[in-house]
K.L.:
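Quick one: the structure is below, and I'll ask about it shortly.
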There are 2 protein chains.
Amino acid sequence: MATIKDVAKQAGVSVATVSRVLNSNGYVNEDTKKKVEEAIDRLNYKPNAVARSLYKKTSKTIGLMVPDIVNPFFPELARAVEDTAHKLGYNVVFCNTDENVEKEEHYLEILLQKYVDGLIVASNTLTAEKVRQLNIPVVSIDRKINADIPTVVVKNKSGARKATGFLLEMGCKRIAHLSGPEHIDNAMERRTGYLEEVGSEPWFDSSYIEDGNYDMKTAINATLQLLGRHPEIDGIFAGNDVMAIGAIKAAHKFGKKVPEDLAIIGFDGISLAEATTPELTTVGQPIYDMGTIVADLLVKLIEKKAVENTFFEFDVELIERESTRKV
Amino acid sequence: MATIKDVAKQAGVSVATVSRVLNSNGYVNEDTKKKVEEAIDRLNYKPNAVARSLYKKTSKTIGLMVPDIVNPFFPELARAVEDTAHKLGYNVVFCNTDENVEKEEHYLEILLQKYVDGLIVASNTLTAEKVRQLNIPVVSIDRKINADIPTVVVKNKSGARKATGFLLEMGCKRIAHLSGPEHIDNAMERRTGYLEEVGSEPWFDSSYIEDGNYDMKTAINATLQLLGRHPEIDGIFAGNDVMAIGAIKAAHKFGKKVPEDLAIIGFDGISLAEATTPELTTVGQPIYDMGTIVADLLVKLIEKKAVENTFFEFDVELIERESTRKV
DNA sequence: AGTGTATGTGTAACCGGTTACACATACAAA
DNA sequence: TTTGTATGTGTAACCGGTTACACATACACT
């Protein structure tokens, strides 16, 4: 690999001059510039990003930390983040924490050591204090950490009300909720929305709520529990799409037809939700837009550009498909 | 952030000595070592990875380039790669190329500039020549690039024969193939396996094969084409699971019941294949093991350790579920 | 002519580590 | 006593960039 010294020698100038043409910095004579550019071409020179980072203490890289790479929501988000970051001249380092605090801390350390310029996190273990200590811009996605931290989320409660209300409209009489884990704020917001719709119905009690872990396996178990306890359940609002898919599977195991015997509605709007049979009715988040906005916001913060807004709460939209159609 | 100089001052030694205790290199007196370690603790010192990289020309980082982050096969693979890499002390930079040559080249450049120590790629645009020029160890996963490049794949042809043969056994009379794109070698191998099973049947002609792009959308179209052309089709072997799911959807649109009217079988064994209704019969790849093996292999190559084998061809296993059950 | 400013370029310090090399000491073997 | 080797530590060069600063020249304006 050619270095800046090689280029300088080739072009017959000093390294400072080469650096100046590389960065379009300071004054450089047109002819000199041409010579340097020729040398760069001839040697196929690429500046060394590590050396540059060391001096500038930035890396043109942002970190993206997600709790579960296998939940399609996050790859879809990652793709949007990556697309946008790229357009803005940044690279993305993708980290999967598996909701594991040690892994998260390990990554944080690594990322800092590598001078990442900013961080996008979906985490419920990260505290505001830890974020502060990082000393780089951090934006929270999908989950709220703290009012001081710029955040991109959706209207979970209102989405949950839309979902539950829709089941009610479709004539469901006993609606259960497959909740996400208690330590995740968006799960609790969705649960609250559900409760606001049916919490004061005469039939309701807390045994209509069962916790899952936002994954399919726990969702299947939880659904079987629910149906075992309350065979009269004719509607389930699941805290996310992956769990809704689990619920469909569990319903089948249990001998219930979806949507005839049991209507199921999810939350997220992952593309996989269109892939199931029956296709999943769900509360769709604008995943790609959210990824675009976070990436854009983070880069603005990194570059200390003005931001008009550091809290984005997206609207959410009910997407009616087959898992709730009452025939 | 404290630097090595701060630590040296605190401990009353030179930076060289600090570096020695950091790297357990050369001779250091026990007492000195203790003093240095105390200073490190007191200052909460973390060595700067960028500075280290600059001198050592390595980064303890590997790149993982995949063509489609939204196909669950790759996140599942990524997770395994990450787990293993972590255990071995490496970080993973995850890159999504979208099968786009420019994006791929861009990433390659970036990764090189950052001194990644090695690369795992799933690509059909990367040539052996380009790989050679990178001058770092590269391992190919899921696709073969060249005999000189260490590779981890599965027995595609044999898997395809298993799939097609299974449909035959189940009594299918007209079996179509939803093929992956022609420029991807594993798609062609799978097609060959299919042809070896049914290519010389009296009914067969090439109109029983339709190309998709390994994604759901193209698979739906292709399936509708196939069924429109040959309503007598009673079995489809899809080149991957995502396409098989698309085929199920298309079959429904077309008014065919799966598996009663039409048996469908996929390839990959992504966990999503269990999530559909009916659950997808598929040819399962040992995705996690493959990820473990590639990461392990790459790290061995990076560290110039002996490797007994640079070509891994995993067996593939037919997983019978519901999309092929003949009632 | 004298001064100020824009233009153009090179030298060397710096970023934060690693390590070659020099030097010192202690102790064992010859 | 001499020599060799293991132990222990510091100085400074180096990795490959960026940039502060110094210096030189050209030109416009008093």
Side-chain angles (χ1 to χ4, degrees), chain A residues 1-40 43-61 109-117 135-136, chain B residues 1-40 43-61 109-117 135-136:
Chain A
M1 282 281 243
T3 73
I4 198 171
K5 270 184 210 145
D6 302 328
V7 176
K9 202 178 291 176
Q10 264 277 329
V13 299
S14 73
V15 292
T17 303
V18 177
S19 180
R20 285 190 195 101
V21 339
L22 282 175
N23 301 291
S24 321
N25 243 343
Y27 297 108
V28 181
N29 184 289
E30 267 310 310
D31 292 349
T32 315
K33 189 175 162 193
K34 213 155 283 166
K35 272 193 300 179
V36 170
E37 277 165 351
E38 275 169 31
I40 287 175
L43 297 172
N44 189 28
Y45 165 74
K46 303 279 187 306
N48 179 313
V50 174
R52 183 176 278 173
S53 278
L54 180 58
Y55 187 89
K56 306 261 277 184
K57 295 183 186 310
T58 90
S59 58
K60 285 282 179 183
T61 303
E109 211 164 272
I110 297 284
L111 291 174
L112 278 188
Q113 282 176 15
K114 299 209 168 175
Y115 287 137
V116 290
D117 300 337
N135 270 318
I136 53 171
Chain B
M1 281 283 243
T3 74
I4 199 171
K5 269 185 210 145
D6 302 326
V7 175
K9 200 177 291 176
Q10 263 278 328
V13 299
S14 74
V15 293
T17 302
V18 177
S19 180
R20 285 190 195 101
V21 339
L22 282 174
N23 300 292
S24 323
N25 244 342
Y27 296 108
V28 181
N29 183 289
E30 266 310 308
D31 292 349
T32 314
K33 189 175 163 194
K34 213 155 284 165
K35 272 193 298 180
V36 171
E37 278 164 352
E38 275 170 28
I40 288 175
L43 297 172
N44 189 28
Y45 166 74
K46 303 277 188 308
N48 180 312
V50 174
R52 184 176 276 171
S53 278
L54 180 58
Y55 187 89
K56 306 261 277 185
K57 295 183 186 307
T58 88
S59 59
K60 285 282 177 181
T61 302
E109 212 164 90
I110 297 286
L111 291 173
L112 278 187
Q113 281 176 16
K114 299 211 168 174
Y115 286 139
V116 290
D117 300 337
N135 270 319
I136 53 171

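Side chains are part of it too, since the values below use all heavy atoms of this structure and drop only hydrogens, waters and symmetry mates.
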K.L.:
Round to a whole Å and report the spacing from CD1 of A:Ile40 to C1' of D:dG17.
P.N.:
13 Å
K.L.:
Can you confirm whether the side chains of A:Ser59 and B:Lys114 place a donor and an acceptor under 3.5 Å from each other?
P.N.:
no
K.L.:
Kindly point out which of C:dC15, C:dG17, C:dG10 is positioned nearest to the side chain of B:Tyr55?
P.N.:
C:dG17
K.L.:
If you only use heavy atoms from C-beta on, which nucleotide in C:dA6, C:dG16, D:dG8 is closest to the side chain of A:Tyr27?
P.N.:
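The listed nucleotide nearest to A:Tyr27's side chain is C:dA6.
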K.L.:
Want to settle it: does B:Thr17 or B:Leu54 sit nearer the 5' end of DNA chain C, counting the closest nucleotide to each?
P.N.:
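Here B:Leu54 is the residue nearer the 5' end.
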K.L.:
Verify the contact: side-chain N or O of B:Lys56 to OP1 or OP2 of C:dT19, cut-off strictly under 4.0 Å; return yes or no.
P.N.:
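Looking at the OP1 and OP2 atoms of C:dT19, one of them is under 4.0 Å from a side-chain N or O of B:Lys56.
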K.L.:
The side chain of B:Lys57 is closest to which nucleotide in this list: D:dG10, D:dT18, D:dG16?
P.N.:
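Nucleotide nearest to B:Lys57's side chain: D:dG16.
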K.L.:
Within a 6.0 Å radius of atom NZ on B:Lys60, are there more than 12 heavy atoms belonging to other residues, nucleotides or ligands?
P.N.:
yes
K.L.:
Determine the minimum heavy-atom distance between B:Val50 and A:Tyr115, stating which atoms define it.
P.N.:
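B:Val50 and A:Tyr115 have their closest heavy atoms at CG2-CD1, 3.5 Å.
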K.L.:
Indicate yes or no: at least one non-hydrogen side-chain atom of A:Ile136 is less than 4.5 angstrom from one of A:Asp117.
P.N.:
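When only atoms from C-beta onward are counted, A:Asp117 and A:Ile136 do not touch, as no gap falls below 4.5 Å.
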K.L.:
Using Watson-Crick or G-U wobble geometry with both distances under 3.5 Å, which nucleotide pairs with C:dT7?
P.N.:
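With both distances under 3.5 Å, C:dT7 matches D:dA24.
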K.L.:
Could you check which of D:dT9, C:dG10, D:dT18 has an atom nearest any side-chain atom of B:Arg20?
P.N.:
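Nearest nucleotide to the side chain: D:dT9.
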K.L.:
Among the candidates D:dG17, D:dT19, C:dC15, find the nucleotide nearest to the side-chain atoms of A:Tyr45.
P.N.:
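Closest of the options to the side chain of A:Tyr45: D:dG17.
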K.L.:
Map B:Ala51 and B:Thr32 onto DNA chain D by nearest heavy atom, then report which one ends up closer to the 5' terminus.
P.N.:
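Its nearest nucleotide being more 5', the pick is B:Thr32.
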K.L.:
Quick one: B:Gln113 CD to D:dG16 C1', roughly how many Å, whole number?
P.N.:
12 Å
K.L.:
Could you work out which one of C:dT11, C:dC15, D:dG8 sits closest to the side chain of A:Ala16?
P.N.:
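Of the candidates, C:dT11 comes closest.
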K.L.:
Let me know the distance between CG of A:Asn25 and P of C:dT9, rounded to the nearest Å.
P.N.:
14 Å
